[in-house]
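Heads up: the structure comes next, in structure tokens.
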Amino acid sequence: MLAIRSHFLNHFNDAPALVVKSPGRINLIGEHIDYNHGFVLPAAIDKFIELAIGKRTDGAMHMVAVDLGETIILPMHNLAPHATVWVNYIIGVVDQVLNTENNNASIEINLVSKREDLAAGFDICIQGNIPLGAGLSSSAAIECAVLFALNELYSLSLTKMQMALMAQSAEHTFAGVHCGLMDMFASLHGEKNKAILLDCDSLDFTYYPLVLDDYSIILFDTQIKHALASSEYNTRRFECERGLAIIQEKYPTVKTFRDISLEQVEACLAFNDIKGLKVYQRCKYVVEEMQRVQLAVQDLAKGDMQAFGKKMFETHTGLSNLYEVSCPELDFLVEAVSNNENVLGARMMGGGFGGCTINIIKKSAVEEITKTLTASYAQLMHKELAVYITSIEEGTHLVAE
Ligand code: ADP
Ligand code: MG
């Protein structure tokens with residue numbers, strides 16, 4: 001990969017004002033509980049988007065996606081979702097800065113006085129090595145890189161959390177994806193060898209050491225995305241709301257899933273039809289996963305990666321059997337490593353019905369396991385397995401010359 005600085009120089013005949021790197025992310029545990037008032041445990045990784053940026057004076061944005069060989073030029077005014085997908089991740093956050101009333105970050109800052117500067121336009125080059133659509137949040141990495149760069153270039157004085165909220169709004173309005181906050185939060189707040197426990201309600205967060213020593217985090221990418229994903233996601237949200245409402249009838253003090261015990265799930269969600277059974281299963285998973293995340297961070301605090309890994313397997317079982325968002329390919333990949341003494345933990349990661357599994361594997365065994373799994377995946381699933389070896393790295397930052 002030619003340095004982004006050189007690309008910028010080639011395109012614009014000038015050196016960039018600054019260079020920013022923004023990483024993709026993984027989520028170690030806490031799946032499908034962000035929208036149920038739970039906690040997630042993401043970390044930033046060594047796959048990233050890199051950008052170079054410099055100011056213009058003619059009220060235009062010149063945007064270059066190096067990896068795609070595409071250049072798009074747009075005026076700074078009348079911003080609206082664009083037909084070229086990657087452009088939306090840039091102009092979406094520009095819109096957040098230029099039109100504060102459109103963003104949900106309740107930002108009472110000096111944005112207004114800075115708008116004139118920004119409205120004069122900029123040149124930008126982006127490139128990256130985050131596999132697209134693998135669930136590692138390349139889109140959030142672009143949004144965070146751009147917002148971080150604008151914040152520096154125009155002295156906007158935004159906090160990382162404000163930037164995360166603005167990037168999330170940008171994804172909602174310009175990419176049309178109603179995502180949670182985790183991806184943007186993790187890309188911006190990541191720290192080397194640390195996982196971040198994020199309270200999806202209060203947005204409080206705590207860093208925990210992720211001491212991997214002889215182990216690596218490996219992602220196995222099924223390279224499939226079953227069409228079920230979005231309709232089933234909506235069904236899950238509905239089933240959880242239904243379960244919560246039933247429990248609240250009996251226990252009026254219960255506000256969210258946080259207040260619910262397994263005993264209450266068992267007591268309230270007796271079922272006599274298939275719909276009732278599904279609601280019971282979903283709620284059981286959510287309550288169990290909430291408890292699991294709290295125990296898992298204690299494992300990290302103690303440096304007990306064995307115990308932590310075991311919980312990842314338990315999460316997978318819950319997602320597969322109770323929450324029913326897995327698929328044969330994901331189950332196969334987790335099952336195949338579940339009795340391997342060199343694998344501490346494995347589970348499907350993300351929304352489900354495809355995407356990656358996340359695995360904690362002894363470094364000395366990675367090559368052998370990868371080889372075996374690639375062969376058996378090809379033979380049984382008739383698909384090529386993609387493998388990403390990751391390390392845990394710092395979040396969005398400026399790159400010195
Ligand atoms: P994810 O965020 O899980 O990776 P998305 O579909 O949300 O998947 O975002 C992927 C999109 O992000 C791509 O379709 C592309 O538009 C954009 N993108 C990611 N990486 C790059 C890159 N290196 N250069 C240009 N655009 C990129
Ligand atoms: Mg995305």
Side-chain angles (χ1 to χ4, degrees), residues 1-4 7-8 11 19-27 31 34-35 40 42-53 61-72 74 81-94 123-147 149 164 166-188 190 219-227 229-230 233 330 348-358 386 388 390 395-396 399:
M1 215 154 81
L2 185 63
I4 194 73
H7 284 296
F8 189 95
H11 275 279
V19 170
V20 171
K21 243 185 184 183
S22 194
R25 64 99 194 94
I26 52 171
N27 183 29
E31 208 63 84
D34 53 342
Y35 54 87
V40 290
I45 58 173
D46 59 338
K47 316 276 179 276
F48 53 83
I49 293 289
E50 213 178 14
L51 71 72
I53 191 167
M61 279 179 280
H62 289 223
M63 298 169 276
V64 180
V66 174
D67 301 322
L68 308 174
E70 289 179 350
T71 301
I72 303 277
L74 289 175
H82 196 270
T84 304
V85 176
W86 61 269
V87 168
N88 289 306
Y89 304 123
I90 299 176
I91 63 177
V93 297
V94 170
D123 292 324
I124 191 167
C125 267
I126 66 168
Q127 70 176 354
N129 60 5
I130 307 174
L132 309 189
L136 303 181
S137 287
S138 61
S139 63
I142 299 176
E143 290 153 347
C144 294
V146 175
L147 201 42
M166 289 167 82
Q168 181 193 21
S169 292
E171 179 108 12
H172 290 185
T173 51
F174 274 69
V177 177
H178 286 265
C179 58
L181 185 67
M182 174 171 73
D183 302 349
M184 296 77 186
F185 166 82
S187 186
L188 283 156
L219 306 170
F220 294 125
D221 187 350
T222 59
Q223 307 227 62
I224 53 150
K225 191 85 210 161
H226 291 298
S230 65
Y233 173 81
L330 288 166
M348 54 155 279
M349 188 178 79
F353 304 103
C356 292
T357 65
I358 172 169
Y388 316 123
T390 67
T396 316
V399 180

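Ligands are counted one by one from 1 in listed order, and the atoms in each one are counted from 1 as well. Along the sequence shown, residues are numbered consecutively beginning with 1.
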| Taking only heavy atoms of G135, which atoms of ligand 1 are found under 4.0 Å from at least one of them? | 3 (O)

| query | For atom 26 (N) of ligand 1, which protein heavy atom lies nearest, and how many Å away is it? | reply | W86 CB, 3.4 Å

| field | Residue D67 vicinity, atoms of ligand 1 by number, heavy atom under 4.0 Å | value | 22 (C), 23 (N), 24 (N)

| Can you find a pair of side-chain heavy atoms, one from C179 and one from H172, that are under 4.5 Å apart? | yes

| Residue V85 vicinity, atoms of ligand 1 by number, heavy atom under 4.0 Å | 16 (O)

| field | Distance, nearest 0.5 Å, that separates CD1 of I130 from CZ of R25 | value | 10.0 Å

| task | Report, in ascending order of atom number, the atoms of ligand 1 lying under 4.0 Å from any heavy atom of G128. | result | 23 (N)

| For ligand 1, does N129 get within less than 4.0 Å through its side chain, its backbone, both, or neither, judged by non-hydrogen atoms? | neither

| query | Which is closest to atom 13 (C) of ligand 1 by heavy-atom distance: I130, I126, D183, L132? | reply | L132

| query | Starting from atom 25 (C) of ligand 1, which protein heavy atom do you reach first, and at what distance in Å? | reply | L68 CD1, 3.7 Å

| query | Side chains of E171 and S139: is there a donor and an acceptor less than 3.5 Å apart? | reply | yes

| query | Taking the side chain as C-beta and beyond, is there a heavy-atom pair between M184 and L147 under 4.5 Å? | reply | no

| query | Got the closest protein heavy atom to atom 12 (O) of ligand 1, with its distance? | reply | Y89 CE1, 3.4 Å

| note | Here the atoms of ligand 1 under 4.0 Å from any heavy atom belonging to S139 are 2 (O), 7 (O), 9 (O)

| Heavy atom under 4.0 Å from ligand 1: found in I142's side chain, backbone, both, or neither? | side chain

| task | Look only at interatomic distance and state if E171 has a nitrogen or oxygen under 3.5 Å from any nitrogen or oxygen of ligand 1. | result | no

| message | Quick one, L51 and V146 - any side-chain contact, counting heavy atoms below 4.5 Å? | response | yes

| query | Is T84 close to E70 at the side-chain level, that is, under 4.5 Å between some pair of heavy atoms? | reply | yes

| field | 4.5 Å side-chain heavy-atom contact, I124 and M61 | value | no

| remark: In this structure, OH of Y388 is separated from CG of D221 (nearest 0.5 Å) by 3.5 Å

| remark: When distances are taken from atom 4 (O) of ligand 1, the protein heavy atom at minimum range is S138 OG, 2.6 Å

| task | Please determine if the Mg ion (ligand 2) has an N/O/S atom from S139 lying under 2.8 Å away. | result | yes

| said: If I compare all heavy atoms of F8 with all of C125, which pair ends up nearest, and what's the gap? | reply: CA-SG, 3.8 Å

